[in-house]
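Taking it in order: structure first as C-alpha cells, then the write-up.
These values consider heavy atoms only, across backbone and side chains, with no hydrogens, waters or symmetry-generated copies. Below, chains carry the letters A, B, ... as their sequence lines are ordered, and counting in each starts from 1. Nothing here was measured: the structure is a model prediction, and the numbers come from that model.
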Amino acid sequence: MSLQAITYLVVGLSFALYIGIAIWSRAGSTKEFYVAGGGVHPVLNGMATGADWMSAASFISMAGLIGFMGYGGALFLMGWTGGYVLLAMLLAPYLRKFGKYTVPDFFKARYYSDTATIVAVICLLAASTTYIIGQMTGVGVAFSRFLGVSNTMGVFIGMAIVFMYAVFGGMKGITYTQVAQYCVLILAYTIPAIFISLHLTGNPIPQLGLGSSFVGSDMSMLAKLDQVVMDLGFAKYTTQIPGTKLNMFVYTVSLMLGTAGLPHVIIRFFTVPKVKDARMSAGWALVFIAILYTTAPSVAAMARLNLHATINTAVKSDGNVFAEEASIKYSTRPAWMERWEVTGLLKFNDKNGDGRIQYYNDKSANKDFLAKAEAAGWKGNELTVNRDIMVLANPEIARLPNWVIALVAAGGLAAALSTAAGLLLAISSAVSHDLLRNMFMKDMSEKGELMAGRIAMAAAIVGAGYLGLNPPDFAAGTVAIAFGLAASSIFPALMMGIFSKTMNRQGAIAGMLAGLGITMFYVFAHTGILYIKGTEYYHLFGGKDFFFGIHPNAFGAIGALVNFIVALAVRSFTEPVPDHIAQMVEDVRVPRGSGDAVADH
Amino acid sequence: MDKTAEQYWKRTLGLIRNVLIVWFLVSYGAGIIFAGALDSIKIGGYPLGFWFAQQGAIYIFVALIFYYAKTMEKIDREFDVDEQ
C-alpha cells in the first residue's frame, strides 16, 4: 500500500474512533457539558488532561526546537512540566473544593465583584484565543501535508471535526475523546523514537538510549552529537543556552506559572469526584505528560544527529567533514527531502555551485572552523531546515516503515485537535456561563445556557478557523504570549485568593491589570502594538530584550511578580475583605464537604 | 479559626514549602544554576546537569506530586477533615 493510502486509513480510523466516542458520551445537561458530570476517574482525567495539554506545539514543534537549542531546550521541558507541581499543590484541590464550573466563577465569589469576573474573563479569552489560533494553523498544516489537500481545505476539515465532537459532546465527550487521543498521540510519538533509539544506540528505551553509547563506538550518544555539531561549526549541544542563564531561568518560571494558570487545564480538575482525586489527578496527568516529555530530548538529539549524518556522510565515521565527497549530491538526495522541499519548509541553495549540499554553521564563533570551511570551497550554509518539520520528518529520515509515518500524522492531528477542543470549551463556558448566565441574562434556563454554550463554541471555532487561515503572522509568538498572559494575570490572582484571607477585590483587580498590562507592554515593544508590524517600540528603551536581556516570551514571570507586588500594595490602603469571604477561604482550605461542582450561587 | 484548623493549615503549608524546596533545587538548581558544575559528573552516559535539565527534573516532579497527594491524605485523616 502506498504511503498516501496508509495515511488515509490510519487517520480515518482514528477520527472514526473519536466521533464514535463523542456520540456515545453526548452531554445531556450543563453539568455534563461543563464538568463531564463530575464523575471522571482520576487516572482517565489525568490522561485527558495530558491530551488536552500536549498541543501541536508539544507534539510537532518541541523536539525540533530542542534539537536546535540543545541543552537550553530544557526550559520547555521543565517549564511545561514543573507547572503541574504548582497546580497540584497550590490550585487544583482548592478550586475543586470550591466546587464551581469555571475559573471566572471563582473570581466572582472570592473577589465578590463583577468587575473581577469581567477582568478574569478578558484574561481567559485573551490567553485561550491566542493559543487556539496556533492549533488551528497546526491542524491545517498537518492535514495538508499528509492528506494532500490544500491548507485551506485542511483547516476546514479540522473545523468540521472539532465542531462535531466538541459542540455535541461538551466536556463529557471531550474528556473521553481525549483519552483516546492521548493513546494515539503517545503511540505515535514513542514508536518512532523506539525504532530510532534502537537503530542508533542498540537500546530500545529512548530515555536510556540518549545516554547509551553510539552503535559501533564507545562514545556516548550525546558525546558523539557534541562532536558532530562542533565539527560542523555549531555550538556544543550539551551546554548551549538561549541568551543568558538569567533569561533561561526567567523563561522557565514563566512557562511554569503559565501552565498553572491556563484555564483550559484548570477546569479539568473540576471534573473529578473529590478533592483528593484532584491532587492525584494532577500527578497522573504529569505521568502521562512525562512519557512524551522525557522521550522528546532523545527524539531531538537523534533527529539532529540523523539529519547531519544524512547530509554529510563523514559525520558518522569520524571522517573528514570537509572532504568533497562527504557532502551528498543534491541530485541523489533522499526522497523525504524532495517531499519536504515541496512544502517550502526545507530549502536548498547551491551557493558554491558544486551540486552538493553543504550544511553547516556559517556564523560559527570558531574561527578555525570557518577558515577550514573556506579552504574547502564552502561558500555559506546551503540548506535551511525549518525546525518544526523535525518530528514529522524524523521517521522518514530514519527510513521507518510507512505505517509509522502514517501513525505520526494521526498523532500530530490528535494533539492539535484535543487541545483545540479543550480551549474551545474554556471559551464557550466563559461566554455562556460567566458572562450571559451570571451577568446579563440571569433568568436563562439550563437548556438555554446549554444552547448558548454550543453557539459560543461554534462561533469560537469559526473565529479560530478564520484566524488559522489568515494567521496574523505571530504563530510562534502566540503560544508563548498565551503563557505569559496566564502567568501574569490568572495565576497570581488565583493563588492569592486561596493563600491569603486578606486579599481584597481592589488588590486582585489592580494586580491582574498591572501584570497583564506590563507583559503586553513588553511583548508589544518587540512584536508591534497588537502584533502589527512596524509599530515596535523597543528602540525607545535601548534595543531588544532591554529588560536585563530577557526575551519577551519569557516576560510572564516578571509580569506575575508585578501582579503580586501591586496587589499587596493596593490591598494595604483599601478596605479589608468582608468576614464571610474570609470564612469562605477558610472553608475552601479543608477537603471535607466538597460535594459536587455546582453552578448556583 | 480554631486551634486544630490553624494546625491543619500550618501542616499543609509546611508540606508545600518542603516540596517546593525540592522542586526548586532539582529544576532551577541542578538543571540551570549549577548545571555547568554538575556536568563533570557522568550518569548513564549523561552529563549530570544536562540529565537533570532534560530528564531528572521531570521524574522528580512526578514523584513530588504523588508524595504530596499521599501526605495530604494522611494529614486530612489525622485532623479528621477528609472526605467521607
Problem set entry | Distance, nearest 0.5 Å, that separates CG of A:L75 from CD1 of B:I32 | 7.5 Å
For this session: Please state whether the side chain, the backbone, both or neither of A:T252 comes within less than 4.5 Å of a heavy atom of chain B.
Result: both
For this session: Could you list all the salt bridge (Lys or Arg N to Asp or Glu O under 4.0 Å) pairs where at least one residue sits in residues 51-68 of chain B, not counting sequence neighbours?
Result: none
Problem set entry | Spacing of CG belonging to A:L210 relative to OH belonging to B:Y46, to within rounding of 0.5 Å | 3.5 Å
Problem set entry | Minimum heavy-atom distance between A:S220 and B:G45, given as atom pair plus value | OG-O, 3.5 Å
Exercise. With only heavy atoms counted, which part of B:F61 is less than 4.5 Å from chain A, the side chain, the backbone, both or neither?
Worked result: both
Problem set entry | Among the listed options A:L90, A:T239, A:L86, the residue most often paired with chain B at heavy-atom distances under 4.5 Å | A:L86
Problem set entry | Neighbour count above 12 (heavy atom, 6.0 Å) for A:K276 NZ | no
Seminar exercise, completed: Rounded to the nearest 0.5 angstrom, the CH2-CG distance for B:W51 and A:L222 is 13.5 Å
Problem set entry | A:M256 side chain reached by B:S27 side chain, heavy atoms, under 4.5 Å | yes
Exercise. Between A:F499 and B:I16, is any pair of side-chain heavy atoms under 4.5 Å apart?
Worked result: yes
Exercise. Which atom pair, heavy atoms only, marks the closest approach of B:D76 to A:P591?
Worked result: OD2-CG, 3.2 Å
Problem set entry | Residue pair A:M89 / B:M72, side-chain heavy-atom distance below 4.5 Å | no
Exercise. Among residues 17-25 of chain B, which ones touch chain A with a heavy-atom distance under 4.5 Å?
Worked result: B:V19, B:L20, B:W23, B:F24
Problem set entry | Ionic contact status for B:D80 with A:R592, cut-off 4.0 Å | yes
For this session: Counting only heavy atoms closer than 4.5 Å, note whether B:L13 contacts chain A via side chain, backbone, both or neither.
Result: side chain
Problem set entry | Residue among A:M219, A:M78, A:M248 with most heavy-atom pairs under 4.5 Å to chain B | A:M78
Problem set entry | Side-chain heavy-atom pair A:M280, B:K70 within 4.5 angstrom cut-off | yes
For this session: Describe, in one word, how the ring planes of B:F66 and A:W284 are oriented to each other, choosing from parallel (under 30°), tilted (30 to 60°) and perpendicular (over 60°).
Result: perpendicular
For this session: Check for a donor-acceptor pair, side chain of B:Q54 on one end and backbone N or O of A:A296 on the other, with a separation under 3.5 Å.
Result: no
Exercise. Atom CD of B:Q55 and atom OG1 of A:T295: how far apart are they, to the nearest 0.5 Å?
Worked result: 8.0 Å
Exercise. Please walk me through it: do A:F249 and B:I33 pass side-chain contact (heavy atoms from CB on, under 4.5 Å)?
Worked result: CA-CA 8 Å; A:F249 188 101; B:I33 301 168; 3.9 Å; yes
Problem set entry | Interatomic spacing from CD in A:Q207 to CD1 in B:I58 - rounded to 0.5 Å | 9.5 Å
For this session: Measure the shortest side-chain to side-chain distance between A:T238 and B:D39 over non-hydrogen atoms and say whether it is less than 4.5 angstrom.
Result: no
Seminar exercise, completed: Scanning both residues in full, the closest heavy-atom pair of A:P93 with B:Y68 reads CG-OH, 3.8 Å
For this session: Find the distance between CD1 (B:I65) and CG (A:L87) and round it off to the nearest 0.5 Å.
Result: 8.0 Å
Problem set entry | Most chain A-contacting option - heavy-atom pairs closer than 4.5 Å, from B:G36, B:P47, B:G44 | B:G44
